[in-house]
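Structure first, commentary second.
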Amino acid sequence: MKRSAAAWSFAGVLAGFTGLAINFALTEWFNQPGAVVAVADFVRDHSPAGIVNWARENSGKKITIPAILLILTTLFAVIGRAARTRWWVAVAGFGAVAVLGSIAVLTTNGATVTRLVPVALGYVAMVGAMALLGERLRQLQSLDDSHLFGDLWRGRRRDFLVVVGAVVGVASISTIAGRLFGQDVRKQKEEQKSLRLPVTSPVIPAGARVDVDGVQPWMTPADDFYLIDTAFSRPVVLAEDWSLRIHGMVDREITLTYNDLIGREGVEAWITLNCVSNEVGGDLIGNAWWSGALLAPILAAAGPQPGADAVLQTSIDGWNCATPLDVLMDGRKAMLAVAMNGEPLPRDHGYPVRTIVPGLYGYVSGTKWVVDMEVTTFDQVDAYWTQRGWGELGPVKMASKVEVPSRGATVPAGQVVVAGTAWIQHTGISAVDIQVDGGPWTPADLGAAASTDTWVQWKATVDLEPGDHTVTVRATDADGNVQTSVRADVLPDGATGWHSVDFSVA
Ligand SMILES: Nc1nc2c(c(=O)[nH]1)N[C@H]1C(S)=C(S)[C@@H](COP(=O)(O)O)O[C@H]1N2
Ligand SMILES: [Mo]
């Protein structure tokens, strides 16, 4: 009796996951949001700001999908168990799951009813697998006590296990096939390989590096570049399908294709991008050689109307941000980027096109997979993060970081090298000072600055006695402002405060 309940629960879980696997395989193949991802998106978009901000700090993105799968596992087990005596519970229970999935899928960005097809087929797979498994279980359990553990029982148990094996096989193969053969994923890789972009390879400016081991590379390789976005599954967009629509408070609406974009006069620049969520001493920052087209002349061609002060940028995944129009038009190298470090953008960093705006945090400017720009006013719009309590304008704050010695390190006595980075993009750093054990501030040597839009490396050498020490760094910008010591949290508009590192001298 107990065993049979467990067997039916197991069958329910297996049938449920078979349906999820079929849904996954189909949605990967047709490049649509899968039902589980759509539910995760739905949960994120309908959670209160406090929870979303909390989750952002506590890697909520990583636990959302496992949590949904855990809840589904429990639900599938309950459904399977109930189906032992009431078959209609399986039909209705899996049906309820499919209805929830359908609602979530229909709320995804750009949804059409065709997105319901993979949900429906997933549902058919759930009920079908449950029917196959249930029938074998029923046969097995219809044996009376005299047959228990006899040949007949063994034979029927084998039948059941064969069906279990077949169902597990179908589910696994679908999942793996979805991962490997997602049509557009393959096409995208081919496209990225065959693109011949009019871009140059990065050449690190002479003197930019202080050449101290342990300082992060001046140019961040794309593979090491931090990743931040709200997407549970990063969109796969083909350059050949991409277009950007510029509309709203403009004299002429414009639609640009990828070829239009790369046919324009190019712009290339070293630009450091960082996240507003970067804590003091944190590593949500990177510096790359970006290539693309300047945004200002494109916006100018559209002709922003008087009164407009914002550009609402939207990604193909529905995420959006509003960027000050004057910042985009003031002559800085705000661009629609197609390449990073001389290569087409990687999928995760926004392939085929993203926005990069020197001097602003990513959350108000760096839209990945950007497809829409609406010229508007801040009064009229409330973008994804500003709705959740983050600052509207998002200029980068001055910051500096000690990277050598690392925290807790033990270094040999004598001349100790201290080094790191400092930044305030689009203003530029003019000086960096360090302080050891609360003593006087002494100037560090700065690496060459490529432009005001990148970070600078710095280094200093200090003579230290054996024992425990603390080194603190602070920067000064090109206007002579000294970095504030006042500690501020990353919410609402970026952290402030000096970075210190404790270490020992042997
Ligand atoms: N589509 C989309 N673009 C986005 C985001 C996002 O969540 N979705 N996050 C922004 C934030 S908060 C930052 S800091 C940068 C990070 O860019 P990266 O992942 O290429 O480093 O992308 C921005 N662009
Ligand atoms: Mo960010």
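Residues take their numbers from the sequence shown, with the count starting at 1. Read the numbers this way: they start at 1 and go in the same order the structure lists the ligands and their atoms.
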Cut-off 3.5 Å, no hydrogens considered: what does the side-chain donor-acceptor table look like for residues 37-44, sequence neighbours left out?
{"residue": "D41", "atom": "OD1", "partner": "R44", "partner atom": "NH1", "Å": "3.1"}
{"residue": "R44", "atom": "NH1", "partner": "T230", "partner atom": "O", "Å": "2.5"}

For T257 and N259, what are the C-alpha separation, side-chain angles and deciding distance, and is it a side chain to side chain donor-acceptor pair (under 3.5 Å)? CA-CA 5 Å; T257 64; N259 281 331; 5.5 Å; no
For the pair Y258 and Y351, name the ring-plane relationship: parallel under 30°, tilted 30 to 60°, perpendicular over 60°. tilted
among protein heavy atoms, the one nearest atom 15 (C) of ligand 1 is R354 NH2, 3.9 Å
So for Y363 against ligand 1, with non-hydrogen atoms under 4.0 Å, the contacting part is both
So for L284 against ligand 1, with non-hydrogen atoms under 4.0 Å, the contacting part is neither
Going by the 4.0 angstrom heavy-atom rule, the piece of F225 near ligand 1 is side chain
Side-chain H-bond candidate by donor/acceptor type, R474 with S400, under 3.5 Å
no
request  = Verify the distance criterion only: is there a donor paired with an acceptor across the side chains of T452 and Q425 at less than 3.5 Å?
outcome  = no
So for W369 against ligand 1, with non-hydrogen atoms under 4.0 Å, the contacting part is side chain
CG of N287 to CD of Q457, rounded to nearest 0.5 Å, is 9.0 Å
Under 4.0 Å from one or more heavy atoms of L273, ligand 1 contributes atoms 17 (O)
Within the 4.0 Å heavy-atom cut-off, what V276 brings close to ligand 1 is neither
Report yes or no: do N274 and W455 form a side-chain donor-acceptor pair below 3.5 Å?
no
Closest to atom 18 (P) of ligand 1 (heavy atoms only, candidates R234, H349, R56) is H349
Atom 24 (N) of ligand 1 sits nearest the protein heavy atom G366 O, 2.9 Å
With heavy atoms and a 4.0 Å threshold, my read on which part of C275 contacts ligand 1 is both
The protein heavy atom nearest to atom 14 (S) of ligand 1 is Y226 OH, 3.3 Å
Under 4.0 Å from one or more heavy atoms of S315, ligand 1 contributes atoms 1 (N)
Is there a polar contact between ligand 1 and N274, counting only N or O atoms under 3.5 Å apart?
no
- Just do the ring pair (Phe, Tyr, Trp, His ring centres under 6.0 Å) check on W270 and W290 with the steps written out, would you? CA-CA 6 Å; W270 288 105; W290 303 96; 9.9 Å; no
Review point. Just by distance, with hydrogens left out, do T476 and Q483 show a side-chain donor and acceptor under 3.5 Å apart?
Key: no
Query raised in the report: Do D348 and K368 meet the salt-bridge criterion of a basic N to acidic O distance under 4.0 Å?
Result: no
Closest to atom 19 (O) of ligand 1 among protein heavy atoms sits K368 NZ, 2.5 Å
For atom 16 (C) of ligand 1, the closest protein heavy atom turns out to be I228 O, 3.6 Å
Value for OG1 (T496) from CE (M398), rounded to nearest 0.5 Å, stands at 10.5 Å
protein heavy-atom neighbour closest to atom 2 (C) of ligand 1 works out as W319 CE3, 3.3 Å
In ligand 1, the atoms that come under 4.0 Å of a heavy atom of L227 are 19 (O)
